[in-house]
K.L.:
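One structure coming up, written as structure tokens, with questions to follow.
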Amino acid sequence: EKVDLNLPNLVENQAPYQHKKWRIGYLSSDFRTHAVSLLTVELFELHNRDKFEIYGFCFTPPDDSALRERVVNAMDHFISVYEMSDEEAAKCIHAHEIDLLVDLQGLTSGVRPNILAYRPAPVQVTYLGFPGTTALPNIDYVIGDEFLIPPELVPYFSETPLYMPHVFQVSDRKRPVGVKPTRESCNLPDDAFVFCSFNNNYKITEDMFACWMRILKRVPDSVLWLLADNEWAHDNMVKSALAHGIEKERLIFASRVTPADYLARYRVADIFLDCTPFNGGTTANDALFMGLPILTLSGKTFASRMAGSLLHSLGLDELITYTFDDYEEKAVALAADRAHVANLRLSIEARHSTCHLFDMPKQVRDIENLLEKAIAQGIPSKNMMPSLPVNSSDYAILSLFHGIVIRMKRVPNASSTPHIHADFQGYSARITLDSCEMTQSSLPTKQERLAIAWVEIHRENLLANWALVNAGQAPVVIDGLK
């Protein structure tokens, strides 16, 4: 559905509301047995009712699931706009004087973007439902974290990022878990190393599957445990495995079961093999919730960095890879060291009660802080950039242009000559700011010329950023050459 850019703005020239509590609305078609509600239901339950009044606006018909009932009960007001037109739904939201509307839909199935196009709330934020920028003109902010949306990706988002301090994703600590099955009941060999990937089949690309087959070939006592979404996916994966020289018996397909029994299955696998360029989101959260280590391959998009964000928050960066070669080597190494894999599981389980990912009261407070910040800031300027912390080990990324990343590192006591680092596809250079001289360069000639020209144009701002970065303050992001 296309967005109508000529719809009236319902809050234009409107005075701020004067409520005793902030009115937060959540808009979704997924208040049912769906990944979004599986993650967010406890968020709705734990909002601080002394400061916030929570509204749910739903545009799908009701179901009779326990999760739906829990979501409805978690809202102070739950309003169905399913049978309303987009205009009627927008006016309904506006009539409830919502201070900030959270879109949980993005561009996923069932999206009704023209509800948001009417701007029924003064500030509109997207969160969790869609793994990327929505490009919808009336969504102001996106909630993420620094791993998920690093500074060099910000120019490609239509929304201004609001950064969670630790990890973007919320969870549900109350999700029911079934009885641990036996390997025999899952048709798994008792003594095999079990790789599993319970992501939706559409996330499995030919390159990803080929990598998995190379891993199976190098780990002869292993099997790959997958979901079979349909007979065509099943048959295609079996045919592809045979073409790669892997016996069909080493692919073991699980049928769909209840959410509780699905979670219990993670207890009998050894490693979760994530997909790229579309990582597991809720699926990755589920695996970690059950203590199962995940091996992921992070790329340069929101969708390809979700599992990496979760692992990074747990301090498990050793399980984040960035190339297919490294992913393959890491998988093979893990399978060869079952004691280390067992220790990884114990480590995840030990951090369960203390890690940010599953500390829902703290996660909810952090989200509330971001929502209050967004209300206070209002609609962001198109030039507004995210506020990023700088510490002694971080680079401040100041620009991305023509594939070149300009970085500035904090220097103790700022004793060094002001300089920047320029990186391009694994090559790098150091450029002094007083003389615009390039040192220690391995950049190709074209990128050297571009970087020097960029530094000459922005030298004054770069020098100002030198002081900011070395004072530990958030840098000003400088526009790159077009």
K.L.:
Closest heavy-atom contact between Pro293 and Asp270?
P.N.:
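It is CD-O, 3.8 Å.
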K.L.:
Does atom NZ (Lys362) have a neighbourhood of more than 12 heavy atoms from anything else shown, all under 6.0 Å?
P.N.:
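Above 12, so yes.
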K.L.:
Show the nearest heavy-atom pair for residues Ala284 and Ile294, with the distance to one decimal.
P.N.:
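Scanning both residues, the minimum pair turns out to be O-CD1, 3.3 Å.
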K.L.:
Restricting to pairs with a member in residues 343-378, which pass ring pair (Phe, Tyr, Trp, His ring centres under 6.0 Å), not counting sequence neighbours?
P.N.:
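Output for this query lists His166-His356, Phe289-His352, Phe289-Phe358, His352-Phe358.
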K.L.:
Of the non-hydrogen atoms in Leu128 and Thr40, which two are nearest, and what is the gap between them?
P.N.:
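Looking at all heavy atoms of both residues, the closest pair is CD2-CG2, 3.3 Å.
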K.L.:
Looking at residues at least two apart in the chain, or sitting in another chain, which of them share a side chain to side chain donor-acceptor pair (under 3.5 Å) with Arg214?
P.N.:
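Side chain to side chain donor-acceptor pair (under 3.5 Å) check on Arg214 returns Glu328.
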K.L.:
Strictly distance-based, threshold 3.5 Å: is any side-chain N or O of Ser37 a donor or acceptor partner for the main-chain N or O of His34?
P.N.:
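Judged by distance alone, no pair lies under 3.5 Å.
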K.L.:
What pairs with Arg173 under side-chain contact (heavy atoms from CB on, under 4.5 Å), at least two apart in sequence or on another chain?
P.N.:
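Only Glu42, Leu46, Met360, Pro361 meet the side-chain contact (heavy atoms from CB on, under 4.5 Å) criterion with Arg173.
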K.L.:
Salt-bridge test for Glu12 and Arg119: reply yes if a basic N is under 4.0 Å from a carboxylate O, no otherwise.
P.N.:
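Between Arg119 and Glu12 there is no salt bridge, as every charged N stays at least 4.0 Å from the carboxylate O atoms.
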K.L.:
Salt bridge (Lys or Arg N to Asp or Glu O under 4.0 Å): which pairs involve residues 312-326, sequence neighbours left out?
P.N.:
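Salt bridge (Lys or Arg N to Asp or Glu O under 4.0 Å) check on residues 312-326 returns Glu318-Lys330.
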K.L.:
Donor-acceptor check, side chain of Ser313 to backbone of Val167, threshold 3.5 angstrom: yes or no?
P.N.:
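Judged by distance alone, no pair lies under 3.5 Å.
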K.L.:
What residues form a ring-ring contact (aromatic ring centres under 6.0 Å, His included) with His312, not counting sequence neighbours?
P.N.:
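Partners of His312 by the ring-ring contact (aromatic ring centres under 6.0 Å, His included) criterion, ordered by chain and then number, come out as Phe147.
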K.L.:
With distance as the sole test, does Thr296 use its side chain to make a donor-acceptor pair with the main-chain N or O of Ile320 at under 3.5 Å?
P.N.:
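A pair under 3.5 Å: no.
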K.L.:
Looking at Asp229 and Asn201, would you say the former's side chain and the latter's main chain have a donor-acceptor pair under 3.5 Å?
P.N.:
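It does hold such a pair.
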K.L.:
Could you measure the distance from the CG atom of Leu162 to the CD atom of Gln377? Nearest 0.5 Å is fine.
P.N.:
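One gets 7.0 Å once the value is rounded to the nearest 0.5 Å.
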K.L.:
Sequence neighbours excluded, which residues qualify as side-chain contact (heavy atoms from CB on, under 4.5 Å) partners of Asn6?
P.N.:
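side-chain contact (heavy atoms from CB on, under 4.5 Å) check on Asn6 returns Asp4.
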K.L.:
Mind checking what makes side-chain contact (heavy atoms from CB on, under 4.5 Å) contact with Ser222, not counting sequence neighbours?
P.N.:
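Partners of Ser222 under the side-chain contact (heavy atoms from CB on, under 4.5 Å) test: Phe193, Phe195, Leu216, Val219, Arg250.
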K.L.:
Looking only at non-hydrogen atoms, find the nearest pair between Pro122 and Asp140 and report the distance.
P.N.:
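Shortest heavy-atom separation between Pro122 and Asp140 comes out as O-OD2, 4.2 Å.
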K.L.:
Can you tell me how the ring of His234 sits relative to the ring of Phe253, calling it parallel under 30°, perpendicular over 60° and tilted otherwise?
P.N.:
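Correct class here is tilted.
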K.L.:
Listed by chain and number, what are the ring-ring contact (aromatic ring centres under 6.0 Å, His included) partners of His96, not counting sequence neighbours?
P.N.:
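So His96 forms a ring-ring contact (aromatic ring centres under 6.0 Å, His included) with Tyr55, Phe57.
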K.L.:
Using side-chain contact (heavy atoms from CB on, under 4.5 Å) as the criterion, point out the one residue from Ile139, Val111, Thr108 that pairs with Thr134.
P.N.:
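Only one of Ile139, Val111, Thr108 forms a side-chain contact (heavy atoms from CB on, under 4.5 Å) with Thr134, namely Ile139.
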K.L.:
Tell me every residue that passes ring-ring contact (aromatic ring centres under 6.0 Å, His included) with Tyr262, counting only those two or more places apart in sequence or in another chain.
P.N.:
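By the ring-ring contact (aromatic ring centres under 6.0 Å, His included) rule, Tyr262 matches Tyr266.
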K.L.:
Just jot down the side-chain contact (heavy atoms from CB on, under 4.5 Å) partners of Glu349, sequence neighbours excluded, or say none.
P.N.:
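If we apply the side-chain contact (heavy atoms from CB on, under 4.5 Å) test to Glu349, skipping adjacent residues, the hits are Arg345, Leu346.
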K.L.:
Just by distance, do the side chain of Asn230 and the backbone of Ala233 share a donor-acceptor pair under 3.5 Å?
P.N.:
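Confirmed, Asn230 side chain pairs with Ala233 backbone.
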K.L.:
I'd like to know if the side chain of Asp99 reaches the main chain of Arg23, judged simply by a donor and an acceptor atom lying under 3.5 Å from each other, with no hydrogens or angles considered.
P.N.:
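Here the side-chain-to-backbone pair exists.
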K.L.:
Indicate yes or no for a side-chain donor-acceptor contact from Asn279 to the backbone of Cys275 under 3.5 Å, with no hydrogens or angles considered.
P.N.:
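Yes, Asn279 side chain to Cys275 backbone: donor-acceptor pair under 3.5 Å.
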K.L.:
My understanding is that only residues two or more places apart in sequence, or in another chain, count here; which of them pass ring-ring contact (aromatic ring centres under 6.0 Å, His included) with His244?
P.N.:
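ring-ring contact (aromatic ring centres under 6.0 Å, His included) check on His244 returns nothing, list empty.
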K.L.:
side-chain hydrogen bond (donor to acceptor under 3.5 Å, both in side chains): which pairs involve residues 122-133, sequence neighbours left out?
P.N.:
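Found Asp103-Thr126, Thr133-Ser158, Thr133-Glu159.
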K.L.:
Quick one: closest heavy-atom pair of Phe52 and Asp76, and the distance?
P.N.:
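In this case the closest contact between Phe52 and Asp76 is O-OD2, 4.2 Å.
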